[in-house]
Student: 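Once you've had a glance at the structure underneath, I'll fire off some questions.
Just so it is clear, the values below take in all heavy atoms, side chains as well, and ignore hydrogens, waters and symmetry mates. Heads up: numbering here begins at 1 and tracks the sequence.
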Amino acid sequence: MSSEPPRQRLPFEPATNRKKTPKKPPEPQAKATLDSDSAEKQPKANKTGKQTQSIPEVVSKRMISRIAVFCGVPTLLGISTFFVSYLIVSKGLFDLPNTAVLLVSMGCFGLGVLGLSYGVLSASWDEEVSGSTLGWEEFNTNFGRMREAWRAAKPKS
């Protein structure tokens, strides 16, 4: 045995090590003979439940394109801040304080994070309607829907 004291448990670490229970193999289903009558009686795969809960492809492409613009542009500006400030300092154009570079880059990255949320919420969630260029009306509509969903999900006291 080692003479080292036992290490302290992390706050999120479980107090005891539980052994995992082995997974049970799925029970084999009896194969049914498929004739014309039994094929009609078997239920078809219910894709409507899964499709109603997923985002339509048109809407998801619309969201991705808006995210690319509203998140990508500020993020690229935040990255380019480092290169531009390096060129300014290395060429000796003027002295640039480190905090100025830090604050400008953090501001651009913060705008990128906000642009991520705005890109999703400013896209029209209706498949037929593409929405406006900036998407302010869609943002108000979608944020209102999200706020109502939060209120409905909040436990009643």
Student: If hydrophobic clusters are built by linking Ile, Leu, Val, Met, Phe, Trp and Tyr wherever their side-chain heavy atoms come under 4.5 Å apart, do Y118 and M146 end up in the same one?
Tutor: yes
Student: Given the rule that I, L, V, M, F, W and Y join up when any side-chain heavy atoms are under 4.5 Å apart, are I64 and L134 in one cluster?
Tutor: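 I64 and L134: separate clusters.
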Student: Please enumerate all residues that pass salt bridge (charged side-chain N to carboxylate O under 4.0 Å, His left out) together with R151, with sequence neighbours excluded.
Tutor: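 Here the qualifying residues are E148.
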Student: Look only at the side chain of N142 and the backbone of S124, and say whether a donor-acceptor pair between them is shorter than 3.5 Å.
Tutor: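 Side chain of N142 to backbone of S124, a donor-acceptor pair under 3.5 Å: no, none is there.
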Student: Let me check something: do V59 and V120 share a hydrophobic cluster, defined by ILVMFWY side-chain heavy atoms less than 4.5 Å apart, either directly or through other members?
Tutor: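 Linked, V59 and V120 end up in one cluster.
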Student: Keeping R66 on the side-chain end and T133 on the backbone end, is there a donor-acceptor pair under 3.5 Å?
Tutor: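 Confirmed, R66 side chain pairs with T133 backbone.
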Student: Looking at every non-hydrogen atom in both residues, tell me the closest pair between F143 and L121 and how far apart they are.
Tutor: CD1-CD1, 4.0 Å
Student: side-chain contact (heavy atoms from CB on, under 4.5 Å) with V89: which of V101, N98, V84, L96?
Tutor: L96
Student: Linking I/L/V/M/F/W/Y whenever their side-chain heavy atoms sit closer than 4.5 Å, directly or via other members, would F94 and F82 fall into one cluster?
Tutor: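 As far as the 4.5 Å side-chain criterion goes, F82 and F94 are connected within one cluster.
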Student: What residues, two or more places apart in sequence or in another chain, satisfy side-chain contact (heavy atoms from CB on, under 4.5 Å) together with M106?
Tutor: L102
Student: Short question: side chain of E138, backbone of S132 - any donor-acceptor pair under 3.5 Å?
Tutor: yes
Student: Answer whether the closest heavy-atom distance between the side chains of W125 and R62 falls below 4.5 Å.
Tutor: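 SC-SC contact between W125 and R62 ruled out.
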Student: Could you give the distance from CZ (F83) to OG (S90), rounded to the nearest 0.5 Å?
Tutor: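 With rounding to 0.5 Å, CZ (F83) is 12.5 Å from OG (S90).
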Student: So which heavy atom on T81 is nearest to which on L77, and how close?
Tutor: OG1-O, 2.7 Å
Student: Check for me, please, whether L114 and F139 land in the same ILVMFWY cluster - side-chain distances under 4.5 Å, paths through other members count.
Tutor: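 Result: no, two separate clusters.
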Student: Nearest heavy-atom pair of G112 and C71: which atoms, and what distance?
Tutor: O-SG, 3.2 Å
Student: Measuring only between side-chain heavy atoms, which start at C-beta, is I79 closer than 4.5 Å to F109?
Tutor: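 In contact.
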Student: State, yes or no, whether a side-chain contact exists between S122 and F70 at a heavy-atom distance under 4.5 Å.
Tutor: yes
Student: Would you give the length of the straight line joining atom CG of L103 to atom SG of C108, rounded to the nearest 0.5 angstrom?
Tutor: 11.0 Å
